[in-house]
Amino acid sequence: MENWSVDQVCNWLRQKNLGELVPKFREEEVNGAALLALNDRMVQQLVKKIGHQAVLMDLINKYRQQKTGLESLTYCCETASSKSPEVISGKNLKSFFARYKTLQWTSSYALPDFPYDVKCILTEKKCPDHSMRIRIIEFLQADMTKYLEGSLYPNSQQYNIVVNALLQAYPFLDEDGNGFLLWKRALKDRFKYVRRPIEDDEQVLRNKCKFGHRRGQSRKSSFAENKPDDIQMQVEEQPVRLEGSVMDAHIQWLKQEYMKTQRNWKEVDNRMNVTIEIRRKMISDKAPLKDILRLFPFLRCPYQIFREFQLLTQMDIYKKTVEILEIYSENIISLYVVRNNPINIMLQENLKWHTEEEILKYMKMTAACLLLPDVFGDDASLFAAVNDEVKAVTPVLEVKNPFNVNSCEFALYIENEMLAQLDDCTMALAALLAAFHVFDIPCPKRIQRTLNFLQSLVFEVRSPASLPTQVKRGLGAPECPSI
């Protein structure tokens with residue numbers, strides 16, 4: 001940062017959502033060295049808004065602290081290396097720095113200084129009402145963003161750290177033992193709300209591309225509506241014919257990048273796009289799945305499975321799966337044919353312990369997903385193994401503790417090997433459907449009616465398949481070829 005030019009400083013400000021400050025910083029010719037030399041008085045002269053002043057000083061102070069810490073860490077590494085050269089290999093050094101960064105964040109976090117009215121409620125140990133909860137969450141979200149240097153994507157561990165700090169300071173907020181989950185979900189929803197209107201942040205745009213369209217926007221074409229221009233161009237381009245040596249270079253780069261913890265996703269998308277021809281040829285020639293995944297390991301990532309599906313069909317499978325479960329979940333779990341199903345019984349038992357609307361919706365969508373094969377009279381073991389061992393060789397889901405929001409696990413298996421871990425039932429169902437198409441795997445007859453129902457809705461055929469009770473709610477659209 002010390003050697004940054006004025007332009008680099010301005011780009012950094014934009015990345016940290018401080019683009020309003022760029023004209024003033026250009027006018028005052030603030031380069032990297034000048035930025036680090038700023039004190040409180042200088043910042044007050046440069047920046048009008050108090051909020052921007054606080055964020056800017058916080059970012060500068062954090063950089064100074066990290067620089068000091070990394071200098072100490074480098075000294076420790078050099079000392080360790082001189083004593084035991086084999087201990088500090090490249091791989092160990094990466095994990096050493098990653099662990100150091102996590103520990104530094106953990107040890108440095110402290111709850112923000114809440115406003116006076118919030119403090120009064122917390123001091124009196126009164127259970128906050130809805131509006132007060134929102135205020136607490138807003139302050140936690142703003143505080144986390146400062147700790148994360150402007151990033152709007154905390155990881156799960158960082159959410160846990162903040163919520164644990166809140167509940168340790170104010171134990172009465174842990175209502176009936178469910179407080180941790182409720183506060184964490186509310187905090188995650190707040191970050192989603194903040195990210196939703198953002199249009200110029202690369203990280204936000206990439207994740208919006210991954211998880212579907214932005215709510216509140218009008219519909220455009222079936223594919224281009226939700227993608228930033230660079231992603232859209234990549235998908236719309238025709239595959240490029242490459243010489244063998246060039247193709248080998250792309251494949252080698254993808255294999256090496258997959259091993260990294262910090263990946264260049266934009267470049268991954270580019271190289272996956274230009275190698276699609278050879279990948280599709282391998283799949284159509286029935287090459288062993290292990291060989292395909294060895295050359296293209298990013299197909300183990302749900303985002304790339306969804307993107308590959310989109311390259312082939314121009315359909316956003318994740319978005320369509322969300323729509324299907326949201327529309328049909330209530331009808332599925334209320335059908336007579338599944339009334340005494342163990343999944344439905346388990347759902348009803350767990351619904352008694354929760355009142356939060358989002359959790360209830362999540363549980364019902366999970367149950368609807370797992371009950372679908374029984375609704376159509378199909379073999380459920382070819383669809384999902386719930387708290388059981390996976391036995392099918394075709395794509396199948398492994399689901400553990402489906403209604404325990406603290407410990408539920410979802411994974412996609414193909415040929416009895418785990419392909420990918422998944423966040424929730426919606427992502428799991430989307431990955432299952434996409435896998436059949438991406439890897440060109442024939443659908444087993446004993447699960448065919450369930451998959452035909454889902455695929456007809458994904459592809460928006462004019463007369464989609466329906467539930468036994470003829471449940472349909474306006475998913476009709478121009479007919480598209482089904483899988």
Side-chain angles (χ1 to χ4, degrees), residues 178 181-182 184-185 188-189 212 302 317-390 392 395-413 421-434 446-447 449-458 464-473 475:
N178 293 322
L181 173 67
L182 298 178
K184 181 178 178 180
R185 186 171 292 276
K188 292 175 77 173
D189 287 344
I317 184 112
Y318 181 82
K319 182 182 73 171
K320 294 303 300 180
T321 305
V322 172
E323 291 176 0
I324 292 167
L325 288 180
E326 286 182 343
I327 291 173
Y328 284 88
S329 58
E330 290 283 354
N331 298 92
I332 290 170
I333 63 178
S334 63
L335 290 174
Y336 179 80
V337 70
V338 296
R339 182 174 298 176
N340 297 319
N341 188 286
I343 296 292
N344 211 345
I345 293 172
M346 197 187 313
L347 168 69
Q348 301 306 324
E349 286 297 321
N350 280 273
L351 289 178
K352 298 175 183 177
W353 301 103
H354 300 279
T355 56
E356 190 73 13
E357 183 178 348
E358 284 299 316
I359 297 178
L360 298 178
K361 178 181 176 182
Y362 167 82
M363 286 184 172
K364 290 177 181 178
M365 289 172 66
T366 301
C369 172
L370 300 178
L371 287 169
L372 268 173
D374 295 286
V375 170
F376 288 96
D378 283 339
D379 186 346
S381 68
L382 297 178
F383 187 81
V386 182
N387 295 329
D388 198 2
E389 181 183 355
V390 170
V396 66
L397 300 176
E398 181 189 59
V399 184
K400 296 181 179 179
N401 308 317
F403 304 114
N404 187 329
V405 285
N406 287 318
S407 61
C408 58
E409 296 179 11
F410 298 86
L412 174 64
Y413 277 71
Q421 289 185 324
L422 306 149
D423 291 345
D424 52 39
C425 72
T426 310
M427 182 180 285
L429 181 57
L432 177 70
L433 295 173
R446 288 182 294 155
I447 198 69
R449 283 174 291 188
T450 301
L451 295 183
N452 283 346
F453 166 72
L454 293 168
Q455 290 165 1
S456 70
L457 296 176
V458 168
S466 60
L467 294 173
T469 51
Q470 302 299 317
V471 178
K472 288 190 288 185
R473 294 191 190 175
L475 286 182

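Because the structure is predicted, anything quoted here is derived from the model rather than measured.
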Got a second to check how far [X]'s [atom1] is from [Y]'s [atom2], nearest 0.5 Å?
X: Asp378; Y: Arg449; atom1: CG; atom2: CZ; value: 5.0 Å
X: Tyr362; Y: Glu356; atom1: OH; atom2: CD; value: 15.0 Å
X: Leu432; Y: Thr450; atom1: CG; atom2: OG1; value: 10.5 Å
X: Ile343; Y: Leu372; atom1: CD1; atom2: CG; value: 12.0 Å
X: Asp423; Y: Phe410; atom1: CG; atom2: CZ; value: 10.0 Å
X: Leu371; Y: Leu335; atom1: CG; atom2: CG; value: 9.0 Å

Considering non-hydrogen atoms only, spot the tightest contact between [X] and [Y] and give its length.
X: Ala428; Y: Leu397; answer: O-CD2, 3.4 Å
X: Leu382; Y: Ala392; answer: CD2-CB, 3.7 Å
X: Ala431; Y: Leu422; answer: CB-CD2, 3.8 Å
X: Val396; Y: Ala385; answer: CG2-N, 4.4 Å

Check your understanding: For Asn350, which residues count as a side chain to side chain contact (heavy atoms under 4.5 Å, CB included) partner, sequence neighbours excluded?
Key ->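 So Asn350 forms a side chain to side chain contact (heavy atoms under 4.5 Å, CB included) with Met346, Met363, Phe403.
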
Practice item. Name all residues meeting the side chain to side chain contact (heavy atoms under 4.5 Å, CB included) criterion together with Ala430; count only those two or more places apart in sequence or in a different chain, and write none if there are none. Key: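 Per chain and number, Ala430 pairs via side chain to side chain contact (heavy atoms under 4.5 Å, CB included) with Phe306, Ile317, Tyr318, Thr321.
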
Check your understanding: Ignoring hydrogens and geometry, is there a side-chain-to-backbone donor-acceptor pair from Asn344 to Ala367 under 3.5 Å?
Key ->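 Not confirmed, Asn344 side chain does not pair with Ala367 backbone.
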
Can you find a heavy atom in the side chain of [X] that is under 4.5 Å from one in the side chain of [Y]?
X: Leu360; Y: Leu351; result: yes
X: Asn387; Y: Pro402; result: yes
X: Leu457; Y: Lys320; result: no
X: Arg185; Y: Leu182; result: no
X: Val338; Y: Ile333; result: no
X: Glu409; Y: Glu398; result: no
X: Cys369; Y: Leu325; result: yes
X: Tyr328; Y: Leu454; result: no

**Study point:** Heavy atoms from other residues, nucleotides or ligands near CZ of Arg446 exceed 12 (cutoff 6.0 Å)
**Key:**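 No.
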
Point to revise | Criterion side-chain contact (heavy atoms from CB on, under 4.5 Å) on Gln348 and Ile345, from CA distance to verdict | key: CA-CA 5 Å; Gln348 301 306 324; Ile345 293 172; 5.9 Å; no

Point to revise | Aromatic ring proximity, centroids under 6.0 angstrom, Phe376 and Phe383 | key: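 Distance test on ring centres: not under 6.0 Å, no.
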
Review point. Does any pair with a residue in residues 335-349 pass salt bridge (charged side-chain N to carboxylate O under 4.0 Å, His left out), and if so which ones, sequence neighbours excluded?
Key: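 Matches after skipping sequence neighbours: Glu349-Lys352.
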
